[in-house]
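One structure is given here, and the rest of the page talks about it.
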Amino acid sequence: MARILSVDYGKKRTGIAVTDPLQLIANGLATVSTSDLLQFLQDYLKQEVVERIVIGEPKQPNGQPSENMARVQQFVNRWRKVCPHVPIEYYDERFTSVLAHRAMLAVGLRKKARQDKALVDEISATIILQSYLESKRK
């Protein structure tokens with residue numbers, strides 16, 4: 001089976017997570033500079049079979065698009081031109097950063113580690129992907 005990737009797209013950094021080949025569990029993969037994201041994903045696809053990419057859809061708590069949505073849409077449009085054979089779909093990412101911080105607290109990470117924004121982005125991507133997987137099982 002092919003893997004599923006998820007992307008927590010940010011202005012500066014982007015968190016990435018991936019499933020195991022059976023698509024049961026989401027694991028953090030990396031945090032990359034957003035300017036390097038397209039190349040990182042293309043390189044990853046040369047090594048692994050990926051069925052689809054799930055990208056966090058940035059929304060405000062009231063459901064309206066957040067300020068980052070325009071940047072996300074630009075990336076999705078570029079992706080669809082460069083790699084049309086790997087579909088990309090949106091998944092609601094509201095509260096993933098809050099959940100990532102809670103997860104970091106739950107595992108007992110020290111304050112300095114919890115302030116690592118790259119780690120927060122990677123955990124957020126993992127939460128997006130795990131939520132996506134659970135929604136597909138229902």
Side-chain angles (χ1 to χ4, degrees):
M1 238 176 151
R3 297 176 187 269
I4 299 173
L5 271 171
S6 73
V7 173
D8 180 34
Y9 192 93
K11 187 175 182 179
K12 296 179 183 178
R13 287 173 319 280
T14 296
I16 303 168
V18 66
T19 65
D20 61 294
L22 297 176
Q23 300 180 2
L24 299 174
I25 301 276
N27 293 295
L29 179 63
T31 301
V32 299
S33 170
T34 298
S35 62
D36 299 331
L37 177 60
L38 193 60
Q39 188 62 53
F40 178 90
L41 294 176
Q42 289 175 305
D43 291 344
Y44 187 82
L45 290 175
K46 291 175 186 171
Q47 301 169 27
E48 297 287 343
V49 179
V50 174
E51 175 183 305
R52 73 183 52 253
I53 295 177
V54 176
I55 190 164
E57 182 176 20
K59 293 182 180 181
Q60 297 175 18
N62 66 3
Q64 295 297 311
S66 76
E67 66 172 77
N68 199 36
M69 188 61 189
R71 287 186 286 271
V72 171
Q73 285 176 323
Q74 288 175 347
F75 173 77
V76 168
N77 291 338
R78 275 186 298 164
W79 179 260
R80 288 181 173 150
K81 287 177 185 170
V82 174
C83 291
H85 62 283
V86 179
I88 188 166
E89 66 181 272
Y90 293 102
Y91 191 80
D92 189 348
E93 71 171 25
R94 279 180 286 183
F95 310 113
T96 55
S97 292
V98 173
L99 293 172
H101 282 288
R102 286 184 185 164
M104 294 168 86
L105 278 170
V107 297
L109 289 180
R110 295 180 185 264
K111 184 176 181 179
K112 186 169 183 161
R114 293 192 312 263
Q115 292 173 339
D116 180 355
K117 293 179 181 180
L119 181 59
V120 172
D121 293 339
E122 188 175 323
I123 293 171
S124 294
T126 306
I127 291 169
I128 290 167
L129 186 52
Q130 193 65 45
S131 297
Y132 173 83
L133 292 172
E134 289 169 9
S135 75
K136 294 299 178 189
R137 289 185 190 124
K138 292 180 181 177

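Every value quoted in this text rests on a predicted model; they were computed, and no experiment measured them.
- Residue pairs meeting the side-chain hydrogen bond (donor to acceptor under 3.5 Å, both in side chains) criterion with at least one partner in residues 15-25, sequence neighbours excluded, are Gln23-Glu51.
- Taken to the nearest 0.5 Å, the CD1 atom of Ile88 stands 6.5 Å off from the CZ atom of Arg80.
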Evaluate side-chain contact (heavy atoms from CB on, under 4.5 Å) for Met69 paired with Tyr90, printing each intermediate quantity in order. CA-CA 11 Å; Met69 188 61 189; Tyr90 293 102; 3.7 Å; yes

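- Val76 is connected to Val32 through a chain of hydrophobic side-chain contacts under 4.5 Å among Ile, Leu, Val, Met, Phe, Trp and Tyr, so both are in one cluster.
- Distance check: Glu89 CD to Arg52 CZ gives 4.5 Å after rounding to the nearest 0.5 Å.
- For Gln39 and Asp43, the side-chain atoms include at least one donor-acceptor pair closer than 3.5 Å.
- The main-chain N or O of Gly28 is found under 3.5 Å from a side-chain atom of Thr126 such that the two form a donor-acceptor pair.
- Other members of the cluster containing Leu24 are Leu22, Ile25, with ILVMFWY side chains joined at under 4.5 Å, either directly or via other members.
- Here the side chain of Gln130 pairs a donor or acceptor atom with the backbone of Ala26 at under 3.5 angstrom.
- Minimum heavy-atom separation, Pro58 to Gly56: CD-O, 3.2 Å.
- Within 6.0 Å of CD in Glu67 there are 12 or fewer heavy atoms belonging to other residues, nucleotides or ligands.
- Cluster partners of Tyr132, using a side-chain heavy-atom cutoff of under 4.5 Å among ILVMFWY residues and allowing indirect links, are Ile4, Val54, Tyr91, Ile128, Leu129, Leu133.
- Phe40 CZ to Leu29 CG: the interatomic distance, rounded to the nearest 0.5 Å, is 4.5 Å.
- Here the CG atom belonging to Leu5 is positioned 6.5 Å from the CG atom belonging to Leu41, to the nearest 0.5 angstrom.
- For Ala125 against Ser6, the heavy-atom pair with the smallest separation is O-OG, 2.6 Å.
- Taking 4.5 Å as the limit, every side-chain heavy atom of Pro65 sits out of range of all side-chain heavy atoms of Gln60.
- Heavy-atom minimum distance, Gln42 versus Cys83: CG-SG, 4.2 Å.
- To the nearest 0.5 Å, the span separating CD1 on Ile16 from CG on Leu37 amounts to 5.0 Å.
- The only option from Gln74, Arg71, Glu93 that meets the side chain to side chain contact (heavy atoms under 4.5 Å, CB included) definition with Tyr9 turns out to be Arg71.
- The one candidate from Asp121, Thr31, Thr34 that meets the side chain to side chain donor-acceptor pair (under 3.5 Å) condition with Thr14 is Thr34.
- For the atom pair CG of Asp8 and CG of Asn68, the computed distance is 8.5 Å after rounding to the nearest 0.5 Å.
- None of Ile55, Val86, Val7 except one satisfies the side chain to side chain contact (heavy atoms under 4.5 Å, CB included) rule with Trp79; the exception is Val86.
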